[in-house]
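First up is the structure itself, then whatever we jot down about it.
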Amino acid sequence: MEKSNGIRIGVIVATLSLLFCSPVIIQISFAEEIELKSVGKGNVSCQGGEEIKNVRINFIVSSDKGTSFAEWNIDHEKFGSAGGIITSIQASSESFSLKGFEAFDKICDNETPSDIKLTGHCGLGTVKLVSDNGNKGTFTSNVKCG
């Protein structure tokens, strides 16, 4: 009886995973050839109002001939990191708007998963992070768009 419940739970989890991940894979794989890269530093405001300074951000979006890779991450040497996957890409040679989700959060310890949005301009400037779980970040970065 317990084995049967374990198998049912496994099938349900696998089915939900496929349903959740399939649109992500399809949306990114049909994207044009695109590449966005950035590394920068800034501050994150947590949902409770705590501000974490000297947080490093990096993200990469790469799509070429049907092969795609898109993720983001923020790190702090004391608190840890937060990050996830980018699922929607709008980019030009001047600016970008990336949507996705936060899969883990060790910086503010907010509930995950949570929808996120990263926006900014290509070149030297500011990247903004807004998460539905209350995290907000502003980073000085040099974004390579190409």
Side-chain angles (χ1 to χ4, degrees), residues 6 8-146:
R8 275 193 206 127
I9 291 170
V11 169
I12 290 169
V13 168
T15 302
L16 290 174
S17 296
L18 284 173
L19 288 173
F20 177 72
C21 292
S22 294
V24 171
I25 293 167
I26 291 168
Q27 189 169 13
I28 292 174
S29 66
F30 286 120
E32 299 175 19
E33 289 183 24
I34 191 167
E35 184 176 65
L36 297 169
K37 294 180 182 180
S38 181
V39 175
K41 281 217 170 203
N43 302 327
V44 171
S45 297
C46 300
Q47 183 178 24
E50 181 181 10
E51 185 174 35
I52 311 295
K53 296 183 184 277
N54 297 316
V55 178
R56 180 180 174 265
I57 187 171
N58 66 58
F59 60 86
I60 183 168
V61 175
S62 178
S63 178
D64 185 24
K65 298 178 185 168
T67 302
S68 300
F69 182 78
E71 72 173 11
W72 68 277
N73 197 50
I74 56 176
D75 298 299
H76 188 271
E77 67 179 43
K78 178 181 175 187
F79 296 106
S81 62
I85 303 295
I86 296 166
T87 58
S88 174
I89 305 158
Q90 291 182 339
S92 69
S93 60
E94 296 177 14
S95 64
F96 62 91
S97 178
L98 310 173
K99 293 180 182 178
F101 65 90
E102 184 173 26
F104 60 95
D105 180 3
K106 297 297 181 191
I107 294 178
C108 294
D109 283 327
N110 284 335
E111 189 173 321
T112 57
S114 179
D115 291 338
I116 63 100
K117 187 173 183 179
L118 287 164
T119 58
H121 292 279
C122 300
L124 189 58
T126 301
V127 173
K128 293 190 179 205
L129 165 69
V130 177
S131 176
D132 283 355
N133 67 13
N135 296 350
K136 294 179 182 172
T138 304
F139 306 89
T140 301
S141 188
N142 191 3
V143 182
K144 177 186 174 193
C145 300

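Given the structure is predicted, the values throughout are model-derived calculations rather than measurements. This chain uses plain numbering: 1 for the first residue, then up along the sequence.
Smallest separation of non-hydrogen atoms from F101 and W72: O-NE1, 3.3 Å. The shortest non-hydrogen separation linking S81 to N73 is CB-OD1, 4.1 Å. Looking at every heavy atom in both residues, N142 comes nearest to G123 through OD1-C, 3.1 Å. Nearest heavy atoms, A91 versus L36: CB-CD1, 4.1 Å. Nearest heavy atom pair, residue T119 against residue S97, reads CG2-OG, 3.8 Å. For the residue pair C46 and N135, the shortest heavy atom distance occurs at CA-OD1, 4.0 Å.
Note: E50 CD to I107 CD1 = 10.5 Å, rounded to the nearest 0.5 Å. Rounding to the nearest 0.5 angstrom, the gap separating the NZ atom in K144 from the SG atom in C122 is 11.5 Å. Rounding to the nearest 0.5 angstrom, the gap separating the CD1 atom in I60 from the CD atom in E71 is 7.5 Å. Note that the NZ atom of K117 and the CG atom of L98 stand 10.0 Å from one another [nearest 0.5 Å]. Rounding to the nearest 0.5 Å places CD of E102 at 6.5 Å from CD1 of I74. To the nearest 0.5 Å, atom CD1 of residue I116 and atom CD1 of residue I86 are 6.0 Å apart.
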- Query: Could you walk me through whether F59 and F139 pass the ring-ring contact (aromatic ring centres under 6.0 Å, His included) check?
  - Reply: CA-CA 12 Å; F59 60 86; F139 306 89; 9.4 Å; no

- Any chance you could lay out the side chain to side chain contact (heavy atoms under 4.5 Å, CB included) test for N110 and S131, step after step, and finish with the verdict? CA-CA 10 Å; N110 284 335; S131 176; over 6 Å; no

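Atom NE2 of H76 has more than 12 heavy atoms from other residues, nucleotides or ligands within 6.0 Å. Residue E51 qualifies as enclosed at atom CD: its count of foreign heavy atoms under 6.0 Å is above 12. By the neighbour-count criterion of 12 heavy atoms within 6.0 Å, atom CD of E35 is densely surrounded, having more than that number from other residues, nucleotides or ligands.
With hydrogens and angles ignored, the 3.5 Å screen pairs no side-chain donor or acceptor of S38 with any backbone N or O of N58. Side chain of D75 to main chain of R56: no donor-acceptor pair is present (N/O by atom type, distance under 3.5 Å, no hydrogens or angles).
With a 4.5 Å cut-off on side-chain heavy atoms, F96 and V127 count as touching. Considering only heavy atoms from C-beta on, H121 stays 4.5 Å or farther from V143 through its side chain.
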